[in-house]
Amino acid sequence: MPEGAIRLPKTGTAKDQLLAQMEAWREDDLRWRDGKVFSLVFFAGDEAAELLKEAYTMFFSENGLNPTAFPSLKRFETEVVGMSAQLLGSSGDVVGNMTSGGTESLLMAVFTAREWARAEKPHIKSPEMVLPVTAHPAFEKAAHYFNVKPVHVPVANDYRADAAAMEAAITPNTILLVGSAPAYPHGVVDPIGELGRIALAHGILLHVDACMGGYMLPFVRRLGYQVPDFDFQVAGVTSISADLHKYGYAAKGASVILYKDAALRRHQLFAYVDWPGGIYASPTMGGTRPGGAIAAAWAIMNYLGEEGYLKIAQRVMDTASAIRVGISAIQGIHILGEPAMSLMAIGSDSLDVYELGDEISARGWHLDRQHFPPSLHLTINFAHVDGADQFLADLAEAVAAVRRPNPRQLGSRLMLSAARLLVRLLPAKWASRLTARASAMMGPKGSGMPKHSAPMYGMIGTLPNRGDLQGVVLDLVEGFTDPGSR
Ligand SMILES: *Cc1c(COP(=O)(O)O)cnc(C)c1O
C-alpha cells in the first residue's frame, strides 16, 4: 500500500490484537538475541535488560526539557555526565550534556565549534573542519546542516588518521580537527596525541569521537591492554562524544557530548526570550527529551559500576582476541590494521569478501559490508561472548565455500562484469537506472540483506559516478518510509 493510501483507523483495536500483530511483523527483523548479529544491537545480559526496561518505564512519561520540573532527571543527567567525564580523563573542569545518540553528540560538537569560531575568530566567514575519511558520516551530516566545509584526508596505511596530512590540509579557515577512538570501519584509534599538538599549534579545536570507545577503552586500558591516549588527558582535546547506548549498554537514545570546560560548552546552548509562550532554553538539538532514556542510562551505570564494566570488557576482549587469532589461522582472510578493542574488519587479498559475506549470511550471521577497501565488519560485544568458536567454524566453512567454484559465484561474477561494462557503456541516465535497481536490492542499512548481495556490492564499490549513486540512495531513503516498498 502506498503511503498516501494509509489512514488512521476509524475505530481502535484491542491491545492484545495489536501486540500480536506487531509481534508477527517482527518476523523478518534481524534476530540479534542468538548472538549472530555483529552490528546495531548491544546486550549486557537478561538482568541488565530487565533493569533498563524498568528504569525506562518508570520515567516513561517524564520530559527532560525542563530541568526544574523533574529534578530527578536533572540529577540523573548530571551524574551520568559526571561519571562519563571522570572515565574520559577529566581533571574536574569537563562539562557536557546527554543527547539522543552519537549523531546528535557530533552535531553538537560541530555546531559548538562553529559558534566558538564566530566568537573567537570572527574573520572566518567559511569555516572548515579537517577529518580523516574514516570519521563517522554524522560529521558529514553536521557539515551539511551547519555549513561547515568538510576537508577529507586519506588515512595512512595502517588505517589511522594521517596527522601530517591533516596538518597540511589546515587553512586559515580551519576551526576544527577530528579524530576517532576508535574509528568505526577498522576499529583503530587515531593518533590523538599528535592531533592535539597540531590543534594547539594552530589555535583550533579537536573533537575526539569516542562514540564506540568511550565506555570500553577506559576499561580495556585498566585490564592491561595497550590503549593509545585519546581522552581529556591529551593536551589539545577540546570535546569528546561517547555513546551510552553502545558499549555503555544503556537503552537506545543515550549518548554524551563533553567539553573541556564550561566556556566552550556555552557556545552550544540555546535560549529564546521573546516567545509569547515564555522563556525557552534548551542545551541540545531536541526539545522534549525522553526521561526514560536518561533514567535507564543512569541505572545501568550504577548497576554495573566499574567492576561490572571491567568484567564485561574482559569477556568481550577475550572473545575479540579469540576471533582475531582464529581469523589469522584461516588462509586467505585477515584483519585490517591493528584494532584497539572489539571492532574489526575482515579483508582478503585473494577472495571476494562480498561473496564471503553472502556465504556467512547463509550460515545465519549478520556482518556489515564495507568498501574502500572491501571488507566485512564486526562489532563484538557482550552478546557474542559465547559464540566465537561457532563463528570461526562457520567462517572457515564459508571461506572454503568461496574457494570452491560454484554456479552461483560464477553467476555473480558474470553479473558483476556485465554490470561494470554496462555502467561504463550506457548513457548516464541508463547507468543511473541500473544502479537504482542494484541498490533497491540492497535496502538501507539495517533493513535486512538479500541473500546474495555480492555482485551488487562489487559493482557499487567501483561505480565511476558517486553523484549518481548518492541520488539513488536518497531515492531509497525516501522509499524507506513507504511500507508498500518493503
Ligand atoms: C555509532 C557511531 C556514531 C553515531 O552514533 P548514533 O548513535 O548511531 O547516532 C558516531 N561515531 C561512531 C564512531 C560510531 O560508531
Side-chain angles (χ1 to χ4, degrees), residues 30 32 37-43 80 84 88 96-111 129 131-145 150 152 155 159-161 176-190 192 195 206-218 220 227-228 230-231 237 239-258 284-286 289-290 293-294 296-297 300 316 320 337 339-345 367-368 370 375 377-381 444-447 477:
L30 281 181
W32 56 269
V37 174
F38 282 109
S39 65
L40 299 168
V41 177
F42 292 76
F43 180 63
V80 165
S84 305
L88 293 168
N97 293 93
M98 286 187 70
T99 68
S100 60
T103 299
E104 188 183 353
S105 291
L106 295 181
L107 288 172
M108 294 289 53
V110 174
F111 173 77
M129 64 176 166
L131 71 173
V133 292
T134 48
H136 193 275
F139 287 106
E140 308 305 315
K141 204 184 224 182
H144 184 57
Y145 285 6
H152 304 108
V155 290
Y159 302 100
R160 295 158 75 230
L176 175 68
L177 294 184
V178 167
S180 308
Y184 179 88
H186 316 105
V188 297
V189 175
D190 289 332
I192 305 300
L195 295 179
L206 168 60
H207 180 80
V208 175
D209 180 3
C211 280
M212 274 295 179
Y215 298 96
M216 183 69 179
L217 290 176
V220 169
V227 172
F230 71 97
D231 64 14
V237 171
S239 57
I240 299 182
S241 49
D243 285 354
L244 288 151
H245 64 200
K246 288 179 182 157
Y247 286 97
Y249 295 101
K252 294 256 185 313
S255 170
V256 295
I257 175 67
L258 304 173
T284 51
M285 299 278 296
R289 295 193 301 154
I294 298 169
I300 193 74
V316 170
M341 45 179 252
S342 42
L343 273 72
M344 55 191 78
L367 280 69
D368 283 332
Q370 307 194 121
S375 53
H377 190 268
L378 292 170
T379 301
I380 298 157
N381 72 80
K445 198 166 177 142
S447 70
V477 173

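In what follows, every heavy atom counts, from backbone to side chain, and hydrogens, waters and symmetry copies are set aside. Counting convention: from 1, in listed order, for ligands and their atoms alike.
- A side-chain donor-acceptor contact under 3.5 Å links Thr99 and Ser105.
- The closest side-chain heavy-atom distance from Val189 to Val227 is not below 4.5 Å.
- Not a single donor-acceptor pair under 3.5 Å links the side chain of Ser241 to the backbone N or O of Ile257.
- Atoms of ligand 1 found under 4.0 Å from any heavy atom of Leu106, numbered from 1 in the order shown, are 10 (C).
- Of the possible donor and acceptor atoms, one in the side chain of Asn381 sits under 3.5 Å from a partner among the backbone N and O of Val41.
- Formation of a donor-acceptor pair under 3.5 Å by the Arg289 side chain with backbone atoms of Thr284 is not found in this model.
- Atoms of ligand 1 found under 4.0 Å from any heavy atom of Thr103, numbered from 1 in the order shown, are 4 (C), 5 (O), 6 (P), 9 (O).
- Judged by distance alone, the side chain of Ser255 and the main-chain N or O of Ala242 form a donor-acceptor pair under 3.5 Å.
- For ligand 1 and Tyr184, the ligand atoms under 4.0 Å from any heavy atom of the residue are 15 (O).
- Looking at atom 13 (C) of ligand 1, its nearest protein heavy atom turns out to be Asp209 OD2, 3.3 Å.
- With Tyr184 as reference, His377 is the one residue of His136, Gln370, His377 to meet the side-chain hydrogen bond (donor to acceptor under 3.5 Å, both in side chains) rule.
- Close contacts between ligand 1 and Gly102 involve ligand atoms 4 (C), 5 (O), 6 (P), 7 (O), 9 (O) [criterion: under 4.0 Å to a heavy atom].
- If you number the atoms of ligand 1 from 1 as listed, the ones under 4.0 Å from a heavy atom of Asp243 come out as 1 (C), 5 (O), 7 (O).
- When Lys252, Lys246, Met212 are ranked by how near their heavy atoms come to atom 14 (C) of ligand 1, first place goes to Lys246.
- For Glu104, the heavy-atom gap to ligand 1 stays at 4.0 angstrom or more.
- Of the heavy atoms in Cys211, only side-chain atoms (C-beta onward) come closer than 4.0 Å to ligand 1.
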